[in-house]
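Every chain is numbered from 1 and lettered A, B, ... according to where its sequence line falls, protein lines coming before strand lines.
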2 protein chains.
Amino acid sequence: MPEPAPLDPEQLAAYFAVMEVGSLLQHAVEQQLRDEGGLSYIQFQILAVVGESAEGRQRMTDVADRLVHSRSGLTYQVAQLAERGLVAKESSPEDERSVIVALTPQGRELLERVMAGHVEVVRGLFFTPLNDEDVTALGDVLGRVRDHMRTVPPRSAAPRRRRGN
Amino acid sequence: MPEPAPLDPEQLAAYFAVMEVGSLLQHAVEQQLRDEGGLSYIQFQILAVVGESAEGRQRMTDVADRLVHSRSGLTYQVAQLAERGLVAKESSPEDERSVIVALTPQGRELLERVMAGHVEVVRGLFFTPLNDEDVTALGDVLGRVRDHMRTVPPRSAAPRRRRGN
DNA sequence: TATTGTTATACTCTATAACTATA
DNA sequence: TATAGTTATAGAGTATAACAATA
């Protein structure tokens, strides 16, 4: 294998910027969610993903796939949310193996309450220094990167079909 | 306080894209660092920040400030690295309170070895779908966001001068 | 008094592997 | 045999607060 060429300065700047912005934004958002709703970012994401679906109901597996979680990690987080009465677990009539996560009224209420502050943080921190063109450009370029990332195999080379998750 | 306007679809797309790209990229990079060097991302960053300075030496506080770490978290991570002989802790001649983190030869060697794979992952995952203009645009826009983020107070309103960190 | 750093502690989160049950 | 999910367990990381020492 030949020496990989180093990244040029512009590439490095872009890479570091993405990582730092993502990290700082996540930090800020986490604090707001913790303060205003006692939620971690992942818990918030679970509520959001479930709440955004048609009737506030999603299969465990579908939530896990979307949030990159390990199955057991999702089981843990959903248990935390269920303990607070924010979601309820139901069995699926179609597939006895499946578990459905359903947003409770309290869950929806908390989600809506917390979302307001969330939007404010994101707007203040992220969008303030940007104009419409910047936003469009960002969405376009990063959207392409995201699509590419979703395509590329996890670089564990082998497709990895065995052993769940 | 008036209802905050929700983010428009373009803004949402950009926000989600940043978070997802950052998260996926971090995941991929973490796996490579773990596999090839037994390093967490933060440990890698510590080595990189220290190694990038003039003589491979940095004060604890300066490293912590740059990596958003709590002091105690940095103490912990530096201890991990020191146990493996990748860094050494030295006292500062100028300020008896300070502790200097210095990259050892083994630390530098590992950093260089791991950096190759790191660059490959970033290139393959992040830069493949982008042309030069995209990269420039990204660096410009996200650079502005980052600068803005560094400026804005942590939204805990109060300047927070008391109590370290 | 403010700053630098460490320690103890408690907690959250994550991942792995073994396991059950349904398809 | 593959898929959906849980459990037990163990480990890594983080934050807080109390502390010691130097500026």
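Remark: B:D95 engages B:R97 in a side-chain hydrogen bond (donor to acceptor under 3.5 Å, both in side chains) (not counting sequence neighbours). Partners of B:R66 according to the side-chain hydrogen bond (donor to acceptor under 3.5 Å, both in side chains) rule, which considers only residues two or more places apart in sequence or in another chain, are B:E52.
Evaluation of the salt bridge (Lys or Arg N to Asp or Glu O under 4.0 Å) test over residues 72-93 of chain A, restricted to residues two or more places apart or in two chains, returns A:R57-A:E90. Residue pairs meeting the salt bridge (Lys or Arg N to Asp or Glu O under 4.0 Å) criterion with at least one partner in residues 10-20 of chain A, sequence neighbours excluded, are A:E20-B:R150. Within the structure, every pair that satisfies the ring pair (Phe, Tyr, Trp, His ring centres under 6.0 Å) test and touches residues 86-124 of chain A, not counting sequence neighbours, is listed here: A:F44-A:H118, A:H118-B:Y15.
Two residues, B:L74 and A:D95, neighbour DNA chain C, and the one matched to the more 5' nucleotide by heavy-atom proximity is B:L74.
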Nucleotide by nucleotide, nucleotides 8-15 of chain D touches protein heavy atoms under 4.0 Å in the pattern (B base, S sugar-phosphate only, - none) ----SSBB
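With rounding to whole Å, B:R97 atom CZ is found 13 Å from D:dA20 atom C1'. Summarising the geometry, the separation between CD on A:Q58 and C1' on D:dA4 is reported as 15 Å, rounded to the nearest angstrom. As a whole-Å value, the separation of A:Q45 CD from C:dC13 P is 12 Å. Protein atom CZ of B:R59 is 12 Å distant from nucleotide atom P of D:dA23, rounded to whole Å.
Between A:R71 and D:dT6 there is no side-chain polar atom (N or O) within less than 4.0 angstrom of OP1 or OP2.
Annotation: A:Q106, atom CD; neighbour count of heavy atoms from other residues, nucleotides and ligands within 6.0 Å is above 12.
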